[in-house]
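In what follows, a single structure is set out as structure tokens and then discussed.
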Amino acid sequence: MRKAIIAGNWKMNKTPDEAKALVTELKPLVKDAACDVVVCVPAVDFAAVKEAAEGSNIHLGAENVHWAKSGAFTGELSADMLKACGVEYVIIGHSERRQYFGETDKTVNKRVLAAVEAGLKVILCVGENKEEREAGYTDALVEYQTLIALNGLTEEQASNLVIAYEPVWAIGTGLTATDEQANETIGVIRKAVARKYGAKAGDAIRIQYGGSMNPKNVKGLMAQPEIDGGLIGGASLKAPDFSLVVNYDKD
Ligand code: PGA
């Protein structure tokens, strides 16, 4: 059985004071969660979140990482820097990075390798846009994105990976993939992992759905056999909403 993982992606939101307030409010609400709980936050909030989450089941994540150990890369952060701040998880290849910051499948792969080598747990994002879905390319595209991102990773390294399937047309739009659509595409990703590393690895890897997941639709999505969790944007910015998503298995 795969343990579910619900991760918030705060994107470019929350000052350190706001971050501290959110995590302080969240802590008691998610303390009995059956799933892994992660908040991926802006780097300026690492210290505040780490302090506020102390002694709780809330794990700290980052929203990106550079592939180099150090050097002349203005504005970037290395995996060792994240580790030193107590970061455990890192989102890589989010569609907003691909769309607005020139992220490619190749640079995603470099970031994944560097993160995994440093001992970070990666949340790798893949997903098609509206035109690609309408043209019937969804399966081929998510398979390609997944396999390039995993290039050079051993089976053991890949076991530290979580994949987030995020249809770009469903992010921040209020549109969600239907439960069945999400389940089917996640099944395609799982098969691609199984072809590369074997059936056991395919069965073991956790694959989240992301894209307008919220307290209302979480139960239906999580009831699907292939879906192991969620990457939550908008609904992760308010403690009551995020806690309802995290506690999807409770009444
Ligand atoms: P959303 O964002 O939940 O606001 O759609 C999800 C994401 O981009 O990770």
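When a ligand or atom number is given, it counts from 1 through the structure's own listing order.
- For A235, the closest heavy-atom approach to ligand 1 does not fall below 4.0 Å.
- Counting heavy atoms under 4.0 Å from ligand 1, residue A164 does not touch it at all.
- When each atom of ligand 1 is checked for a heavy atom of H94 under 4.0 Å away, the hits are 7 (C), 8 (O), 9 (O).
- If you run side chain to side chain contact (heavy atoms under 4.5 Å, CB included) between T185 and each of I207, L141, V142, only V142 comes through.
- Taking 4.0 Å as the cut-off, G210 does not count as a neighbour of ligand 1 on heavy-atom distance.
- For ligand 1, the atoms lying closer than 4.0 Å to a non-hydrogen atom of S212 are 1 (P), 3 (O), 5 (O).
- When hydrophobic clusters are built by joining Ile, Leu, Val, Met, Phe, Trp and Tyr residues whose side-chain heavy atoms come closer than 4.5 Å, directly or via intermediates, V126 is not grouped with V168.
- Checked against Y165 for a side-chain hydrogen bond (donor to acceptor under 3.5 Å, both in side chains), the options Q145, E128, R190 give a single hit: E128.
- Counting only heavy atoms from C-beta outward, the side chains of Y209 and T176 approach each other to under 4.5 Å.
- Other residues, nucleotides and ligands contribute more than 12 heavy atoms inside 6.0 Å of the CZ atom of F73.
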>> Quick one, K130 with E134, criterion salt bridge (Lys or Arg N to Asp or Glu O under 4.0 Å). Give me CA distance, side-chain angles, the key distance, then yes/no.
In response: CA-CA 6 Å; K130 190 160 164 276; E134 284 168 2; 3.7 Å; yes

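- Nearest protein heavy-atom contact of atom 4 (O) of ligand 1 is G234 N, 2.8 Å.
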_Full working for side-chain contact (heavy atoms from CB on, under 4.5 Å) between V162 and Q208_ = CA-CA 7 Å; V162 173; Q208 302 170 310; 3.8 Å; yes

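- Under the side chain to side chain contact (heavy atoms under 4.5 Å, CB included) rule, N151 has a single partner from N109, L113, V108, which is N109.
- By heavy-atom distance, the residue among M213, E166, E63 lying nearest atom 7 (C) of ligand 1 is E166.
- Residues H94 and E103 have side chains that never bring a donor and an acceptor to within less than 3.5 angstrom of each other.
- Near L231, meaning under 4.0 Å from one of its heavy atoms, ligand 1 places the atoms 6 (C), 9 (O).
- At the top of the distance list for atom 3 (O) of ligand 1, counting protein heavy atoms only, stands G233 N, 2.9 Å.
- Applying the 4.0 Å criterion to heavy atoms of A170 picks out, from ligand 1, the atoms 5 (O).
- Considering backbone and side-chain N/O of G211, none are found under 3.5 Å from N/O of ligand 1.
- For ligand 1, the atoms closer than 4.0 angstrom to any heavy atom of G172 are 1 (P), 4 (O), 5 (O).
- Counting heavy atoms under 4.0 Å from ligand 1, residue N9 touches it through the side chain alone.
- Checking only distances, T173 never comes within under 3.5 Å of ligand 1, N or O to N or O.
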